[in-house]
Structure formats: structure tokens, C-alpha cells
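Below is one structure, written out as C-alpha cells, with a few remarks after it.
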Amino acid sequence: MLHNHRFQLRVKSPILSSMTQNLRTILSLPLLALASFCIANQAAAFDPRAEPEGATSAALENSSQSKVIRARHHMVVSANPHASEAGRAILRRGGTAIDAAIAVQMVLNLVEPQSSGIGGGAFLLHWSEQTRKLTSFDGRETAPLAAKPTRFMKNGKPMKFRDAVPGGLSVGTPGVLKMLEKIHKRHGRLPWAQLFDPAIKLAMRGFALSSRLHALLQKADVHSFGPKAQAYFFDKMGDPKPVGTLLKNPAFAQTLSGIARNGSDYFYRGPLAKQIAKTVQTSHANKGDMTSTDLATYKALERDPICISYRTYNICGMGPPSSGMLTIAQVLKIIEPLDLGSTPLNQTALHLISEAEKLAYADRKRYMADHDFIEIPQGLLDARYLAKRRALIKPHKTMGKAKPGTPPAGKKRSGIDATTENNGTSHISIIDVQGNAISMTSSIEGAFGARLMVSGFLLNNELTDFSFRPTDKQDRLIANRVEPLKRPRSSMAPTMVFDRHGRLHMVVGSPGGSRIILYVLKTIIGHINWGQNARSLTHMPNFGSRNGPLELEKVPECK
Ligand code: GLU
């Protein structure tokens with residue numbers, strides 16, 4: 001994670017791997033991915049037969065030199081080397097991409113507990129090489145049955161974001177485990193129980209508290225954490241435990257053993273579900289209303305992915321309740337006919353791209369939310385509508401703040417949304433030896449979620465991704481308002497890029513709150529328009545506009 005103090009721009013570079021999925025190609029040509037550890041805390045694990053001489057995954061993590069990693073057989077890219085290694089071990093045992101993703105997610109939950117885990121939600125794209133089918137899965141949290149549109153209003157005013165985060169009020173019913181189990185039933189090869197072994201062993205053995213986790217704890221207010229989380233992360237004086245502390249988590253090992261033996265029912269039904277509900281209802285701050293029934297009735301969903309053509313590629317991503325791919329698709333279709341030049345980050349291109357982003361973010365705020373509850377206009381990707389939007393971009397002048405448009409069949413009167421969005425999250429990209437791949441973005445929302453710990457894992461604060469106000473100043477209902485069982489709008493954007501022959505070309509995704517969309521766009525445009533490879537894309541500073549100022553990342557020098 002990087003901080004740009006000048007622009008107050010909080011960014012993480014996309015975790016990106018560039019892959020080709022044709023089996024014969026895999027065997028004869030290397031897969032290509034980048035590990036750039038001075039930019040982001042990412043880790044790639046790969047088959048050592050293709051490893052550069054003398055290098056190991058662990059050495060790469062500590063290296064100040066970014067390297068292009070090539071693998072012949074399979075590849076895992078995640079935010080932590082323990083997690084990537086766990087995925088690699090599963091792939092070497094003959095596991096599929098989803099088998100590996102489960103092992104990676106469980107280890108991430110342990111070693112990067114602030115970002116994602118079974119107490120949170122996720123979106124996943126799955127590419128099956130055998131059937132040549134792309135599927136997307138929604139494991140997003142839901143609002144409890146008891147939730148009301150005024151959930152985050154106090155005395156007629158929206159709560160302050162930071163006041164709403166800690167405690168049970170912000171916790172949505174978690175979806176990660178249900179989603180992974182659903183996909184494993186369809187695409188897994190190794191037995192479910194085996195996939196939990198690496199995380200269980202590491203939780204018992206202990207792992208060294210990383211400098212990144214430590215730095216995030218230093219920025220957090222110890223008093224915002226519930227007692228169990230405080231005891232796990234902080235010492236008796238209330239200071240974060242030092243870097244390198246051996247953290248053991250037997251409670252999490254026990255939770256995972258139960259899930260390994262009994263499936264997701266261990267989590268969603270029975271004593272653990274009761275414990276989760278009780279923790280939410282009796283929390284130290286902002287008591288919540290999630291019940292065991294909310295947990296027992298949670299459903300992970302299969303959704304249709306959204307795919308668009310862009311130049312000679314097809315780009316596919318996650319549809320609502322994520323705004324990720326719809327917004328990315330609007331921007332790409334708006335800029336597609338424009339001349340962005342061939343030099344990366346040229347001034348004309350930065351202007352055109354950020355103006356297109358303003359237009360798309362304006363539509364996102366008005367129209368995008370959980371489409372099981374509200375109607376999202378079909379016309380958001382209509383070519384004539386987007387041509388009209390494109391015409392609003394002037395070559396030498398900014399439009400200032402963009403207004404939402406009126407797409408065909410668009411509801412003109414939905415409210416203007418003021419949802420605040422945080423930064424947290426993790427992204428996992430995996431390809432297995434058969435060429436099946438996953439792109440999974442997983443989150444407990446902000447760093448440390450609701451700051452509540454149950455049985456060794458943290459609960460999310462994903463409900464703060466809803467609009468705190470149910471109506472805008474003109475009393476129009478806001479699409480992303482809280483409603484019972486609704487999923488908060490997300491920006492998560494797990495993405496896959498296919499070439500003109502329908503072959504998987506690139507797997508992309510990123511953490512970063514509402515900036516995820518900008519990061520993924522930079523990566524796609526940088527590759528397709530400017531011909532940049534994975535290595536230079538990871539080094540390329542992030543840029544873009546979320547319908548505010550043009551944000552530019554100041555890239556610190558690698559030490
Ligand atoms: N909760 C955010 C979302 O779903 C993700 C937070 C982040 O990426 O940092 O869009």
C-alpha cells in the first residue's frame with residue numbers, strides 16, 4: 001500500500017498476472033507474471049522448474065528487484081507469500097484453480113486478517129478451460145432481515161463514517177465460505193477438507209506479524225477494537241504487537257477444522273453461527289441485529305458476467321451488485337474510438353480517460369446498486385447513449401464535475417448518492433495446469449472490518465458500503481440505500497481479458513475501494529493501448545478521476 005501525501009491518494013497497485021490458457025501454449029511457452037514487491041506486498045508462487053536460477057518465492061518477496069516470473073504449468077498471485085505457497089502446494093497435488101483459491105483465501109485470512117476472510121464477502125470469476133465457459137459468483141454480504149433504510153442515520157443526519165464502522169451495525173452476513181463451497185462442488189478436484197490444512201497448520205505453528213499488518217495497526221485506534229481483537233493484535237499497554245511477533249491462532253485453527261470436517265454448515269448453522277450473531281448483537285460499539293437465521297439462510301449466487309469488446313479483446317467482469325465491470329465497461333466503450341497515443345501516460349490520454357471516468361462514475365452513483373432490489377437501466381452500455389456521453393468530452397478543457405446521464409430506460413428520478421467508500425481488500429489470481437483460472441477479489445471492507453473477532457477471524461464492516469442516507473436532498477430514493485437482505489454496492493472488479501480467438505489472455509484485479517475501477521482500467525488500457533507488459537504495468541503510477549479531481553499517484557522510489 002502506498003500513500004501519496006500530496007494528493008491524499010491511498011493506493012495499492014493492481015495484483016496482476018498475465019496468462020495464456022491454451023494447454024499446448026502453456027507447455028511450450030512460459031506463463032508470465034510480475035512480482036514487484038517494492039510497490040505492493042504481493043507474492044507469486046510458481047513452478048520451480050521454470051524458476052529463474054537460484055531464486056525462490058521467499059527470496060523474491062524480500063527482493064528489492066522486481067522480476068518477471070515465468071511459469072510453465074500453473075501460477076498463483078496473492079498478497080502474501082504464505083498464501084501463494086499454500087495455493088502452489090495444492091496445484092502441485094493436482095488441485096484445480098478453485099481448490100488452490102480456497103487454500104489461499106484461508107491462509108490470507110490468517111496472515112492478512114485485516115483485508116479478507118470468512119467473516120467477509122467476495123466476487124469470483126471462474127474460467128473453465130474444458131467447457132470454455134466463464135462464470136461469475138457473488139459471495140457479497142447481505143444486510144440482515146431486520147435492517148432499515150435509516151440504519152446509519154442518527155437524529156436525522158448520517159452518522160460519521162468512522163463512527164459507523166466499529167461494532168455490529170456495519171456487519172453484513174458473510175458470504176465467502178458459501179461461495180467457495182458452491183464453486184468447489186462444481187469445479188474442485190481435491191477433497192474439501194484438504195484445502196484447509198495449510199492454514200490450520202500455520203495457525204497452530206504461528207507466523208511472524210508482518211510490517212504491513214503492524215503499520216496498519218499503528219494507524220488504527222486500539223479502542224475501536226472489540227476485546228478479543230484487542231488481545232490478539234495489541235499488547236497490554238494498547239500498543240500494536242511488534243513486527244516479527246510469532247502470532248498463533250488456535251481459535252482459527254479450530255474454526256477451520258470444523259469447516260473442513262462439516263462444510264460451510266459449521267459456520268452458517270449451529271454453535272458458531274450463534275456465536276457470530278451474539279458477537280454482533282452485543283458488540284462494544286454500535287450493537288447490530290444479525291441473527292442466526294440471517295446466517296442459516298444466506299445464499300451465494302451465480303450471476304451472468306458482463307463482457308464487452310474493446311479493440312481486439314473481450315473483457316469480462318463482475319456485474320451488479322458490484323459496480324466494477326459496468327463502470328469499467330462504460331469508460332472503455334467511451335474511450336475506444338479516441339486516440340490515446342502510444343506513449344504511456346501521455347497528457348492527452350490522461351485527460352480523455354479521466355473525463356470518461358467522470359462520466360461513468362456519475363452514472364455509477366445514480367444507477368448502480370443491487371439489481372435484485374432496484375432496476376438498473378439496461379441502456380447504460382447502449383452505443384448511442386455512450387456516443388452522447390463521449391461528445392461531452394472536450395479535448396482541451398475539463399468538464400468539471402460530470403452529471404449523470406439519462407440512459408435508455410433510465411429512471412430519471414433516482415437520488416444522488418453520497419456513499420463513502422473505504423480501502424481494504426485482497427485480490428487472488430490463479431491458473432491451474434489445465435488452464436482453468438480464477439480471478440477473485442475478497443474483502444472485509446476497511447482494514448480490520450468491524451474490528452470484531454469471533455473464533456479467530458474478523459467480521460466485515462461491508463454494510464457501510466451502502467448509502468447512509470436513504471434519500472437525497474430532493475427526497476428521491478437512493479438506489480444504494482439499505483434494505484433487508486440487499487447487498488451493498490461494491491467496486492470490486494475481478495476481471496479476465498480474452499484475445500480474438502477466445503483464449504484467456506490476462507487475469508486482473510485489485511484492492512482499493514472505489515479506486516479499484518481506476519486501477520483495473522489503467523492496467524487494461526496500459527496493456528492494450530500502450531503495449532505495456534505486466535512488469536511495467538505494475539510500476540506504472542495509478543491515475544484517474546472518480547468524478548472529482550484528477551488523482552495522480554506519486555510513486556516512491558524502491559529502496
Ligand atoms: N468494500 C469495498 C467494495 O466492495 C472494497 C474495499 C476495498 O477494496 O478496499 O467495493
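In this chain, residues are counted from 1 in sequence order. Whatever order the structure lists them in is the order used to number ligands and atoms, beginning at 1.
- Taking every heavy atom of Gly513 and a limit of under 4.0 angstrom, the matching atoms of ligand 1 come to 6 (C), 7 (C), 8 (O), 9 (O).
- Listed by number with element, the atoms of ligand 1 under 4.0 angstrom from any heavy atom of Ile516 are 8 (O).
- If you look at Phe137 and Phe123, their ring centroids are not closer than 6.0 Å.
- Interface of Asp465 with ligand 1, defined as ligand atoms under 4.0 Å from a residue heavy atom, comprises 1 (N), 2 (C), 3 (C), 4 (O), 10 (O).
- With a heavy-atom cut-off of 4.0 Å, Thr441 does not touch ligand 1 at all.
- Neither the backbone nor the side chain of Arg489 has any atom closer than 4.0 Å to an atom of ligand 1 (non-hydrogen atoms only).
- Defined by atom type and a distance below 3.5 Å, a donor-acceptor pair is missing between the side-chain atoms of His284 and His223.
- Every atom of ligand 1 is numbered from 1 in the order shown, and the set under 4.0 Å from a heavy atom of Glu462 is 1 (N), 2 (C), 4 (O).
- For Phe267, the ring-ring contact (aromatic ring centres under 6.0 Å, His included) partners are Phe457, not counting sequence neighbours.
- Between the side chain of Lys486 and the main chain of Arg481, a donor-acceptor pair closer than 3.5 Å is present.
- The ring of Phe233 has its center closer than 6.0 angstrom to the ring center of Phe448.
- Figure legend: Arg546 and Tyr361 shown without cation-pi pairing, the cationic atom not lying both under 6.0 angstrom from the six-membered ring centre and within 45 degrees of its axis.
- Residue Thr425 approaches ligand 1 through these ligand atoms, each under 4.0 Å from one of its heavy atoms: 5 (C), 6 (C), 7 (C), 8 (O), 9 (O).
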